[in-house]
Amino acid sequence: MTSKQSIPKTQLSKTKKQTLNVTIDRPIGYTDKFGNVYPLNYGFVEGIIGGDGEEQDVYILSRKISEPIETFQGDLIAVITRNDDVEDKWVVAPPNENFSIEEIREKVHFIEQYFDSEIKLIYGTFTN
């Protein structure tokens with residue numbers, strides 16, 4: 001049995017890039033109960049608890065992956081802080097694939113448009 005851990009926002013903002021294993025539960029093409037169609041793979045990091053008490057949610061960004069996948073291993077490149085919600089979202093990409101804040105904003109707009117969100121790149125990744 002693995003222990004679950006929670007990473008405080010203040011600690012995460014100082015975290016260097018790290019590799020994560022993500023389980024995909026909303027693959028490309030998934031439609032949620034509100035009618036939002038996911039243009040990217042979205043999942044969670046098992047064993048890390050987010051602000052909502054569930055496992056930490058993750059957007060998967062990649063210039064090479066355009067099909068639904070079941071699992072993904074990549075680097076944490078950014079954190080999306082929702083100022084009007086209890087949880088943050090993490091952004092994970094393949095090693096050596098970097099995205100600017102504007103590129104991330106465009107790719108996650110399909111959901112983040114409903115929240116007051118800010119994107120913070122993890123130190124050591126590409127910046128605008």
Side-chain angles (χ1 to χ4, degrees):
M1 183 165 135
T2 59
S3 63
K4 294 185 178 187
Q5 61 178 333
S6 180
I7 298 178
K9 289 181 188 183
T10 54
Q11 180 183 342
L12 186 61
S13 64
K14 297 175 185 171
T15 300
K16 292 184 180 178
K17 193 189 290 189
Q18 58 186 299
T19 300
L20 298 171
N21 292 311
V22 181
T23 300
I24 307 303
D25 60 354
R26 298 176 199 167
I28 291 173
Y30 174 87
T31 302
D32 67 19
K33 64 183 179 181
F34 303 106
N36 297 302
V37 178
Y38 283 60
L40 48 75
N41 290 293
Y42 179 95
F44 61 90
V45 178
E46 190 172 328
I48 303 290
I49 302 301
D52 63 352
E54 299 292 327
E55 286 167 316
Q56 178 61 51
D57 293 325
V58 175
Y59 290 108
I60 303 297
L61 299 190
S62 175
R63 292 182 177 88
K64 298 175 184 167
I65 299 172
S66 58
E67 298 293 325
I69 56 176
E70 294 181 9
T71 60
F72 181 79
Q73 184 177 60
D75 293 335
L76 175 63
I77 62 164
V79 175
I80 300 172
T81 301
R82 289 181 170 176
N83 298 315
D84 55 353
D85 196 15
V86 298
E87 63 180 324
D88 294 341
K89 303 295 180 179
W90 291 0
V91 180
V92 174
N96 303 317
E97 269 196 60
N98 295 308
F99 294 85
S100 68
I101 288 174
E102 188 53 41
E103 288 174 308
I104 295 169
R105 185 176 292 114
E106 288 173 15
K107 294 190 177 293
V108 301
H109 178 76
F110 74 102
I111 293 293
E112 295 306 316
Q113 66 181 319
Y114 304 113
F115 299 92
D116 174 20
S117 301
E118 0 178 345
I119 300 167
K120 295 178 186 160
L121 295 174
I122 299 298
Y123 297 113
T125 61
F126 175 80
T127 57
N128 282 354

CD-OG distance between Glu106 and Ser100, expressed to the nearest 0.5 angstrom: 7.5 Å
Distance-minimising heavy-atom pair for Gly43 and Asp25: CA-OD1, 3.4 Å
Euclidean distance, Asp57 CG relative to Lys89 NZ, rounded to 0.5 Å: 3.5 Å
CD1-NZ distance between Ile122 and Lys120, expressed to the nearest 0.5 angstrom: 10.0 Å
Phe115 side chain near Ile80 side chain, heavy-atom distance below 4.5 Å: no
Heavy-atom pair with the smallest gap, counting every atom of Arg82 and Asp88: N-OD1, 3.4 Å
Cluster check Ile101, Phe99: I/L/V/M/F/W/Y, side chain < 4.5 angstrom: yes
Same apolar cluster: Leu40 and Phe44, side chain cutoff 4.5 Å: no
Shortest non-hydrogen separation from Gly74 to Pro95 and the atoms involved: CA-CD, 4.4 Å
Sub-4.5 Å side-chain heavy-atom contact between Glu112 and Arg105: no
Listed partners of Gln73 passing side-chain contact (heavy atoms from CB on, under 4.5 Å), at least two apart: Thr19, Asn21
Leu61 and Glu97, any side-chain heavy atoms less than 4.5 Å apart: no
Gap between atom CD of Gln56 and atom CD1 of Ile49 - 0.5 Å precision: 9.0 Å
Given Ile104, Val92, Leu121, the one that forms side chain to side chain contact (heavy atoms under 4.5 Å, CB included) with Ile77: Ile104
Any Glu87 side-chain heavy atom under 4.5 Å of Glu54 side chain: no
Reference residue Val58; test side chain to side chain contact (heavy atoms under 4.5 Å, CB included); the match among Val45, Val91, Thr23: Val45
side-chain contact (heavy atoms from CB on, under 4.5 Å) between Trp90 and Ile48, intermediate numbers included: CA-CA 11 Å; Trp90 291 0; Ile48 303 290; 3.8 Å; yes
Residues that Pro39 engages under side-chain contact (heavy atoms from CB on, under 4.5 Å), provided they are two or more places apart: Phe110
Under 3.5 Å donor-acceptor, Asp84 side chain and Asp116 backbone: yes
Residues that Asn36 engages under side chain to side chain donor-acceptor pair (under 3.5 Å), provided they are two or more places apart: Asp32, Tyr114
Phe72-Leu20 co-clustered via ILVMFWY side chain contacts under 4.5 Å: yes
Path from Ile28 to Ile24 over hydrophobic side-chain contacts below 4.5 Å: no
